[in-house]
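Every chain is numbered from 1 and lettered A, B, ... according to where its sequence line falls, protein lines coming before strand lines. All values below come from the heavy atoms of this structure, side chains included, with hydrogens, waters and symmetry mates left out.
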There are 2 protein chains.
Amino acid sequence: MLGVSQSTVSRAFNPKASISEKKRQMVLDAANKLGYTPNAIARSLISNRSGLVAIALDSESNPMYDLQTRKLANAIQKRGGQVVLCPIDKDDLDLAISRAIEYQVDGLIIATSRLTSRAIAQCEKFGVHLSLINRYIEGVTANCVGLDNLDAGIQAADYLAGKGFERMIYVSGDAGSMTSEERWKGFSKRLSELGLPAADYIQCHYNFESGLQAANEILAKPHQPQAIFCANDILALGVIDGLRQAGKNVPKDYAVMGVDDIPMSNWPGYSLTTIQQPLDKITQLAVDDLLSRIQDEKEASGDYLMHPGLLIERGSTQV
Amino acid sequence: MLGVSQSTVSRAFNPKASISEKKRQMVLDAANKLGYTPNAIARSLISNRSGLVAIALDSESNPMYDLQTRKLANAIQKRGGQVVLCPIDKDDLDLAISRAIEYQVDGLIIATSRLTSRAIAQCEKFGVHLSLINRYIEGVTANCVGLDNLDAGIQAADYLAGKGFERMIYVSGDAGSMTSEERWKGFSKRLSELGLPAADYIQCHYNFESGLQAANEILAKPHQPQAIFCANDILALGVIDGLRQAGKNVPKDYAVMGVDDIPMSNWPGYSLTTIQQPLDKITQLAVDDLLSRIQDEKEASGDYLMHPGLLIERGSTQV
DNA sequence: TTGAAAGCGCTAACAA
DNA sequence: TTGTTAGCGCTTTCAA
């Protein structure tokens with residue numbers, strides 16, 4: 001004790017409290033010497049704001065989500081928040097969310113998981129602000145930000161058509177995935193506008209192994225496509241490896257492209273043409289919006305901010 | 001209010017409190033109906049234990065660490081803990097740790113980052129239990145668990161020698177990395193025991209691009225190796241792609257193997273022979289040990305538990 | 001600008 | 001088995 005009250009110490013650590021600069025320095029110096037750190041937990045108890053932001057995480061690993069989670073965590077930390085991980089378990093979808101609520105998280109970012117509507121309702125009830133990335137949930141008060149998926153499909157169609165391909169096939173992501181459906185919608189619509197034959201459609205999943213299987217399905221088709229548009233990159237890489245296992249050559253026999261631009265797409269072994277997600281912009285926007293909503297206790301506006309992707313041409317579509 | 005005291009409610013939520021089963025059910029039912037959840041933040045204020053476990057995370061993405069983080073998060077959550085992410089920023093190595101300390105994290109798992117010793121000292125001072133994975137830090141009170149790296153090097157040497165290779169080269173990880181040095185030590189020692197010529201050594205980094213470069217270095221060597229042992233998989237995949245870019249064939253021209261067994265190593269395009277880390281066992285052990293130390297307020301014993309890896313033979317070493 | 005005092009939601013020691 | 005009470009470390013009125 002150096003003769004100041006508890007309140008003075010508190011004020012010294014609060015940048016916008018009214019305190020003399022002299023006292024503040026005195027307290028801060030002493031704190032440094034004694035190794036004192038304010039207790040964020042006690043603070044959130046009184047201020048009714050924890051500073052905690054949860055990120056929902058699928059149990060299955062996926063390069064794109066791992067990248068996204070990292071970027072989100074960095075952005076949140078840089079803005080003064082603290083990240084809590086919510087690993088969504090197959091067996092108990094709600095557990096992680098209710099745990100997070102017990103810890104009074106201020107916000108929840110959902111980029112990946114299929115959560116139950118019960119869990120989402122819980123969040124709304126407890127005033128947890130929601131931020132959705134690349135997905136939309138009916139009847140939920142949340143802001144969304146993501147890739148313009150319809151546009152991505154259109155870009156792919158334009159690009160492949162421009163390359164002179166006519167017979168095309170779309171390899172979808174998980175059934176019911178909005179991202180996959182929008183990409184398909186844009187792709188097929190644009191092809192028909194261009195007067196090209198309708199693309200074939202393969203129902204698939206967002207992972208490498210499904211891509212391998214899709215390759216076999218493609219090889220069994222009576223009408224062989226010239227170009228393959230995959231709902232995302234990891235799937236496209238699987239398709240490429242599947243085709244190569246059967247002795248085919250990409251791009252000579254088939255042009256293949258994806259969406260995302262994960263690091264592996266740029267590996268020379270694949271050199272995958274893809275539509276790059278503006279990941280930095282998306283995560284930045286999502287975090288900015290979420291944290292400012294938390295700060296100002298503002299309701300979500302329900303906006304869906306969409307950003308166009310950038311087509312990156314690589315070897316997988318160039319003979 | 002249904003006529004019980006605050007303490008009774010508290011006891012209803014504490015499994016080992018003395019309370020009649022009837023009252024507990026009554027409270028739990030009412031809580032369910034009203035949507036009441038105990039406030040974990042308030043609890044940790046009094047109990048002096050937050051239930052929070054931090055995971056230090058490098059800013060650079062890496063399949064192995066992403067996998068590990070996911071597994072750790074799941075294990076921690078399953079054991080009743082809550083995971084906080086500590087993204088270690090290049091510019092401010094200590095920020096994330098001091099933030100975590102403000103949030104009174106009970107433990108910190110370091111699997112990846114080069115933290116400053118100041119940050120580690122802070123942890124010890126504030127009673128944050130430490131758990132190291134695949135690394136050892138001089139003079140730090142922590143328990144470590146990881147792969148037996150020396151043994152991994154020995155296994156690689158035995159395996160490649162058994163395949164009849166004589167001229168070998170080792171592609172290292174980051175300079176100063178203990179994992180890489182131990183693997184090299186085991187590898188080179190075993191080769192000399194087997195009476196084989198000493199392996200060449202290339203100083204490298206733990207990422208794909210460095211692998212690409214290493215391939216060029218190898219190609220420029222006057223004495224061409226027959227087999228290449230890489231400090232980890234991501235590096236090995238880079239080496240393979242680098243060699244193939246130069247028109248070489250793996251495994252015909254060069255046998256390549258790595259350590260880790262990341263998902264990409266099993267992709268048909270690479271089919272990389274590798275020494276698999278017992279990731280499930282390692283994460284399970286680390287979490288069990290850490291959480292039980294937190295629970296019993298036990299000091300770390302300083303143990304380093306090592307687990308042997310399992311050699312997975314794939315195409316990259318079989319002509 | 002400062003200090004005193006109340007109280008955030010909970011747990012634990014004590015008494016009944 | 002229950003209720004009463006004190007207090008965890010902080011912020012925030014309210015007075016001075």
Notebook entry, point to check: Rounded to the nearest 0.5 Å, how far does OG1 of T116(A) lie from CD1 of I97(A)?
Noted result: 8.0 Å
Item checked: the helix from dT1(C)-dA16(D) to dA16(C)-dT1(D): angle between end helix axes, five pairs per end, rounded to 10 degrees -> 30°
Next item on the list: May I have all residue pairs that pass ring pair (Phe, Tyr, Trp, His ring centres under 6.0 Å) and include part of residues 4-31 of chain A, sequence neighbours excluded?
Entry: F13(A)-Y36(A)
Notebook entry, point to check: Any side-chain donor paired with an acceptor under 3.5 Å for S98(A) and Q122(A)?
Noted result: no
Next item on the list: Could you list all the ring pair (Phe, Tyr, Trp, His ring centres under 6.0 Å) pairs where at least one residue sits in residues 56-101 of chain A, not counting sequence neighbours?
Entry: none
Notebook entry, point to check: Is the distance from OP1 or OP2 of dT1(D) to the nearest side-chain N or O of K23(B) less than 4.0 Å?
Noted result: no
Next item on the list: Identify the two heavy atoms, one from S44(B) and one from R49(B), that lie closest to each other, and give their separation to 0.1 Å.
Entry: CB-O, 3.0 Å
Check: Looking only at side chains, do S61(B) and D66(A) share a donor and an acceptor under 3.5 Å apart?
Finding: no
Item checked: Length of the CG-P vector between L34(A) and dG9(D), whole Å -> 15 Å
Notebook entry, point to check: Taking only N and O in the side chain of S18(A), is any of them less than 4.0 Å away from OP1 or OP2 of dT1(C)?
Noted result: yes
Next item on the list: Assign a letter to each nucleotide of nucleotides 9-16 of chain C from its 5' end: B, base within under 4.0 Å of a protein heavy atom; S, sugar-phosphate only; -, no contact.
Entry: BBBBB---
With a 3.5 Å cut-off and sequence neighbours excluded, list the donor-acceptor pairs that the side chains of residues 282-291 of chain A form with protein atoms.
unit_1, atom_1, unit_2, atom_2, d
T283(A), OG1, L279(A), O, 2.9
T283(A), OG1, D280(A), O, 3.1
Q284(A), NE2, D288(A), OD1, 3.3
D288(A), OD1, R79(A), NH1, 2.8
D289(A), OD1, N143(A), ND2, 3.0
D289(A), OD2, N143(A), ND2, 3.1
D289(A), OD2, R293(A), NH1, 2.8

Notebook entry, point to check: Should T179(B) and N134(B) be marked as a side chain to side chain donor-acceptor pair (under 3.5 Å) after you check the CA-CA gap, both sets of side-chain angles, and the distance that decides it?
Noted result: CA-CA 7 Å; T179(B) 49; N134(B) 269 331; over 6 Å; no
Notebook entry, point to check: Does R24(A) pair with E21(A) as a salt bridge, N-O distance under 4.0 Å?
Noted result: yes
Next item on the list: Report the distance from atom CE of M26(B) to atom C1' of dT2(D), rounded to the nearest whole Å.
Entry: 12 Å
Notebook entry, point to check: For DNA chain C, what residues of residues 95-104 of chain A have any heavy atom nearer than 4.0 Å?
Noted result: none
Note to self: Among T8(B), V9(B), V4(B), which residue satisfies the side-chain contact (heavy atoms from CB on, under 4.5 Å) criterion with I19(B)?
What the structure shows: T8(B)
